[in-house]
*Asks:* 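After the structure tokens below, expect a handful of questions from me.
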Amino acid sequence: MSRLVASPSPGFGGTATLPGDKSVSHRALILAAMAEGESRLTGLADNEDVARTRAAVEALGANIVEDGDALQVTGRVWTSPDAPIDCGNSGTTARLLMGACAGVDGLAATLTGDASLSARPMKRVTEPLSRMGARFEGGDTLPITVHGARLGGIDHEGRIPSAQVKSAILLAGLRSGGPVRVVEPFSSRDHTEVMLAQFGVEGAIEEVVKGMAVSLGERRSLTPTDITIPGDPSSAAFLWAAAAVVEGGEVTTPGICVNATRTGFLEALDAMGADVRLDNERLQSGEPVADVTVRHRRLTPIEWGPDHVAATIDELPLLAICAAFAEGETLLEGLGELRVKESDRLGAVAAGLAANGVSVFPTGDALRILGRHRVRGGGTVATAGDHRIAMGFLVLGLAADNPVTIDDGSGIATSFPAFVETMRALGATIEEPA
Ligand code: S3P
């Protein structure tokens with residue numbers, strides 16, 4: 001357990017380069033490992049979750065060699081690994097691998113995870129993959145053994161938007177002969193669709209009465225390619241939030257992924273009155289990228305409903321923390337999925353805010369926050385080992401009247417190992433207590 005304390009940090013700001021996007025990194029590794037031949041991946045995220053996916057695809061048969069800041073990945077048809085694959089804390093590793101393994105006839109792989117991942121629901125993935133013809137041993141939680149098979153098609157209608165479910169089905173569908181279609185009520189992040197196109201796979205996205213439908217076309221074989229991974233908006237969000245809430249704060253983060261399925265938090269900050277600017281917008285390996293600048297302004301409350309949730313999914317706890325500084329009542333709705341993330345994020349964020357003197361009212365899957373321009377702080381937050389809860393409450397401590405302590409910062413390496421160092425370089429006071 002490593003406690004960390006964040007103290008008021010007037011003057012927070014500057015320019016910081018962020019690591020590669022975690023979601024895009026997982027997909028780049030998996031697709032490059034499935035594409036027979038050599039692909040080159042530049043700017044991959046260097047965190048624990050992505051390291052799990054890298055080790056997994058190596059165990060499944062890919063050959064990976066480091067070449068400067070790039071990885072040379074030689075893909076092939078996957079074979080059964082010699083030992084169980086440990087997905088650690090990473091839901092994306094577990095769920096996407098289930099899909100990618102499901103289509104390899106005769107392959108068997110057992111997936112395990114840490115205590116948090118072993119408590120997260122997997123039926124949402126195993127159920128549709130079973131309908132396509134794959135077989136699973138185990139229940140709703142890891143450990144689960146996936147047995148690959150010759151797959152048929154599927155027309156899957158998801159009740160909640162989930163990129164992990166959608167991606168698992170699309171990855172399985174690459175090796176299926178039948179029609180493959182996934183419908184979501186709102187579009188979840190579409191990095192799998194974008195990257196499939198980079199690897200030469202045909203697909204289609206269309207608006208339907210019930211939301212957005214993604215389907216695979218005729219051409220489903222992967223052609224190896226080179227991918228450059230954009231900066232991670234979900235890691236940059238902590239820097240943007242700090243700039244928004246610290247009096248006089250300002251931060252610029254070059255080269256960040258600004259795919260519209262990921263920009264909900266920036267839109268929310270903008271709606272709350274922060275100064276948000278995108279410069280140098282461009283496309284990089286199919287993903288929209290920009291240099292993002294956020295400047296402090298007095299924040300005002302917002303109402304953020306279910307139609308915004310998918311594009312803000314990993315930033316909702318941080319949005320609640322920013323709302324603590326917005327004078328008045330903020331209402332965040334449709335947060336049910338937060339209960340089954342790396343921790344019960346709805347419970348953790350409500351408890352952490354309350355411990356720091358913020359009036360917060362959780363009801364069902366909503367959170368009502370009564371913000372004030374000044375937040376007392378001074379509390380100790382239980383992170384439940386969750387990286388985003390840990391980083392979010394350290395941000396609170398930079399702008400509150402009193403230092404904020406988190407009980408355990410070790411989880412931060414899950415997504416952003418250089419977080420504390422990056423924040424300190426921007427003027428944040430974050431220390432390990434003696
Ligand atoms: C992810 C999708 C999201 C997100 C997770 C990463 C991905 O989950 O919360 O951190 O890379 O596909 P769901 O879309 O399944 O909610």
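Just so you know, these numbers come straight off a predicted model, no measurement behind them. Order of listing sets the numbers, starting from 1, for every ligand and every atom in it.
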*Asks:* List the steps, then state whether salt bridge (Lys or Arg N to Asp or Glu O under 4.0 Å) holds for Arg3 with Asp407.
*Replies:* CA-CA 5 Å; Arg3 288 164 82 83; Asp407 66 347; over 6 Å; no
*Asks:* Just let me know how Arg27 lines up against ligand 1, side chain, backbone, both or neither, with a heavy-atom cut-off below 4.0 Å.
*Replies:*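 The answer is the side chain.
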*Asks:* Under 3.5 Å, is there a donor-acceptor pair linking the side chains of Arg262 and Ser234?
*Replies:* yes
*Asks:* Please determine if Asp140 and Arg120 form a salt bridge, counting it only when a charged side-chain N lies under 4.0 Å from a carboxylate O.
*Replies:*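 Salt bridge: no.
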*Asks:* Students should be able to answer this: which protein heavy-atom is nearest to atom 1 (C) of ligand 1, and at what distance?
*Replies:* Gln164 NE2, 3.6 Å
*Asks:* With distance as the sole criterion, is a donor-acceptor pair present between the side chains of Ser23 and His191 under 3.5 Å?
*Replies:* no
*Asks:* Measure Arg189 to ligand 1 on non-hydrogen atoms and call it side chain, backbone, both or neither using the 4.0 Å cut-off.
*Replies:* side chain
*Asks:* Among all protein heavy atoms, pick the one closest to atom 15 (O) of ligand 1 and tell me residue, atom and distance.
*Replies:* Ser162 OG, 2.6 Å
*Asks:* Please list the nearest protein heavy atom to atom 10 (O) of ligand 1 with its residue and the distance rounded to 0.1 Å.
*Replies:* Asp314 OD2, 2.8 Å
*Asks:* Which ligand 1 atoms, with their elements, are less than 4.0 angstrom from a heavy-atom of Thr92?
*Replies:* 1 (C), 6 (C), 7 (C), 11 (O)
*Asks:* Could you tell me if Glu267 and His308 have a donor-acceptor pair between their side chains, going purely by distance under 3.5 Å?
*Replies:* no
*Asks:* Out of Ser25, Gly158, Ala163, who is nearest to atom 14 (O) of ligand 1 when you count heavy atoms only?
*Replies:* Ala163
*Asks:* Any idea which protein heavy atom is nearest atom 11 (O) of ligand 1, and the distance to it?
*Replies:* Ser23 OG, 2.7 Å
*Asks:* Using 30° and 60° as the class boundaries, would you call the ring planes of Phe419 and Phe416 parallel, tilted or perpendicular?
*Replies:*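 Aromatic pair Phe419/Phe416 classed perpendicular.
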*Asks:* Just go through Arg345, Glu337, Lys341 and tell me whose heavy atom is the nearest to atom 16 (O) of ligand 1.
*Replies:* Lys341
*Asks:* So, Arg52 versus Ser90: side-chain donor-acceptor pair below 3.5 Å or not?
*Replies:*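 Distance-only check fails for Arg52 and Ser90.
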